[in-house]
Amino acid sequence: MTPNHGSLLYEGKAKRVFLAEHEQKVFIEFKNSATAFNAVKKAEFEDKGRLNCQISACLFELLETKGIPTHYLGVAGDSWMAARKVEVIPLEVVLRNIAAGSLCKETPIIKGTELSPALLDIYYKDDQLGDPLLTELRLERLGLLTAQQRSEIETIAKNVNNFLKSFFNQIDLILVDFKLEFGIINSGEIVLADEISPDTCRLWDKRISDPKARILDKDRFRQDLDNLLEAYGEVLKRVQGACAKPRNCL
Ligand code: TMP
Ligand code: ASP
C-alpha cells in the first residue's frame, strides 16, 4: 500500500521522503536497500523496508509516551511512515552502552566492554567526508547548534537510551549502541527524526551466547553473516509483542 504522496523531496541510502497533503507533513518510504561502509557495500533485502518501518513506528510511539518529541505521526502503509517535515541537523548522535564497531577499531577498548555511563559520540553527517567523528571544539566551530540546542539534543539522546535500553532488556535484547538523528520543525522545536531500527542499532539476543548467532542487526550484513531478514523479523516480533499496534494515519 502506497499513500497518496506528492513529489520526492529527498532520497537517502535507506529512505525516500515525499511531500504530503500539507507542507509541514511528509511521507517516508523505507527502502529494501542496505548499505555499509559508506555505501561501499550494497544489497537489496526484500521486506527490509517494512520491517524497519514497523519497528521504528513502535519505538517512536513508545518514546512519545515517555515525553520524547519526535517527527513521527503514524504509519501510512507497510513500509511508509507519515512524519512532520523537519530541517535535518547534519549530525549523527551515537550512544554506546557496550563497546563494539568503530569504537573498537579506533581505540584499544575491547569489544564487549560495558560503558557506564553510556558514551555519546557525535559525527558530522556527510557521506563525502565519510561521516567524521567531531570533537567538542569542532562541533562548536561548525556553528550548527546553539549551546542550548546542543544540551537539549544530548539530554534527549540520553533519555532515549535509558528508555530503549530497559525496553529492549524486557524483550531479551541487549541494546549495544545506536544512532539518532535530529531535526527542527517549523516552530523551531528540536525533535527526534530519521528511524530507530536494526539498521541503526546494534541489538544482541540475550537468549543466545554465541557472538555471531546473537547479532540481530545490520552487523549481519556488515560481517557477511546470513539470515538478516530473519533477525530483523525476530526484533519486530518481540517489539510488537511488547507495544501497542502503531496508529495508522491514512
Ligand atoms: P559504529 O560503531 O560504526 O560507529 O556505529 C555505531 C552505531 O551507529 C551502530 O549501532 C550503527 C549505527 N550507525 C548508523 O546507524 N549509521 C551509520 O552510518 C553508522 C556508521 C553507524
Ligand atoms: N549507513 C552507512 C552506510 O551506508 C554505514 C553503516 O551503517 O555501516 O554506508
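Predicted model only: the values in this text are computed from it and were never measured. The first residue of the sequence shown is numbered 1, and numbering continues consecutively from there. Just follow the structure's listing: the first ligand is 1, and inside any ligand the first atom is 1.
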So is K105 close enough to ligand 1, meaning a heavy atom under 4.0 angstrom away?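 Judged by the 4.0 Å heavy-atom criterion, K105 does not count as contacting ligand 1.
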
Measure the distances from the heavy atoms of R96 to every atom of ligand 1 and state whether one is below 4.0 angstrom.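 In this structure, R96 qualifies as a contact of ligand 1 - some heavy atom is under 4.0 Å.
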
Nearest protein heavy-atom contact for [atom]: which residue, which atom, what distance?
{"atom": "atom 1 (P) of ligand 1", "value": "S102 OG, 3.4 Å"}
{"atom": "atom 14 (C) of ligand 1", "value": "K179 CE, 3.5 Å"}
{"atom": "atom 1 (N) of ligand 2", "value": "K218 NZ, 3.4 Å"}
{"atom": "atom 4 (O) of ligand 2", "value": "T35 OG1, 2.4 Å"}
{"atom": "atom 2 (C) of ligand 2", "value": "K13 CE, 4.1 Å"}
{"atom": "atom 5 (O) of ligand 1", "value": "R202 NH1, 3.5 Å"}
{"atom": "atom 7 (C) of ligand 1", "value": "D177 OD1, 3.6 Å"}
{"atom": "atom 17 (C) of ligand 1", "value": "E92 OE1, 3.8 Å"}
{"atom": "atom 21 (C) of ligand 1", "value": "R222 NH2, 4.4 Å"}

In this structure, which one of K237, R238, R214, R207 forms a salt bridge (charged side-chain N to carboxylate O under 4.0 Å, His left out) with D172?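 When salt bridge (charged side-chain N to carboxylate O under 4.0 Å, His left out) is applied between D172 and each of K237, R238, R214, R207, only R207 qualifies.
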
Would D199 count as being in polar contact with ligand 2, using the rule that some N or O on each side must be under 3.5 angstrom apart?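 In fact, backbone or side chain, D199 has no N or O that close.
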
Quiz question: by atom type and distance under 3.5 Å, do the side chains of [X] and [Y] form a donor-acceptor pair?
{"X": "R150", "Y": "T155", "answer": "no"}
{"X": "E195", "Y": "S197", "answer": "yes"}
{"X": "Y232", "Y": "D217", "answer": "no"}
{"X": "Y72", "Y": "E61", "answer": "yes"}
{"X": "N169", "Y": "K206", "answer": "yes"}
{"X": "E64", "Y": "T70", "answer": "no"}

Within a distance under 4.0 Å of any heavy atom of [X], pick out the atoms of ligand 1 and give their elements.
{"X": "G101", "result": "2 (O)"}
{"X": "F178", "result": "10 (O)"}
{"X": "Y123", "result": "4 (O)"}

Numbering as shown, the atoms of ligand 2 that approach [X] to under 4.0 Å (heavy-atom distance):
{"X": "R222", "answer": "6 (C), 7 (O), 8 (O)"}
{"X": "A39", "answer": "3 (C), 4 (O), 9 (O)"}
{"X": "F37", "answer": "5 (C), 8 (O), 9 (O)"}

Nearest protein heavy atom to atom 9 (C) of ligand 1: under 4.0 Å?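 Yes; the ligand atom in question has protein heavy-atom contact below 4.0 Å.
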
Just by distance, do the side chain of D210 and the backbone of A213 share a donor-acceptor pair under 3.5 Å?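 Confirmed, D210 side chain pairs with A213 backbone.
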
Taking the side chain from D131 and the backbone from D126, do they hold a donor-acceptor pair closer than 3.5 Å?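 A pair under 3.5 Å: yes.
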
Are M81 and L19 linked, directly or through intermediate hydrophobic residues, by side-chain heavy-atom contacts shorter than 4.5 Å (ILVMFWY only)?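 Linked, L19 and M81 end up in one cluster.
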
Quick one: look at V94 and ligand 1, take heavy-atom pairs under 4.0 Å, and tell me if it's side chain, backbone, both or neither.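 Side chain only; the backbone of V94 stays clear of ligand 1.
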
Given the side-chain rings of F18 and W80, with only the six-membered ring counted for Trp, is the space between their centroids under 6.0 Å?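 F18 vs W80: aromatic centres under 6.0 Å.
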
Non-hydrogen side-chain atoms of R84 and Q24 separated by less than 4.5 Å: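 R84 vs Q24: side chains apart.
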
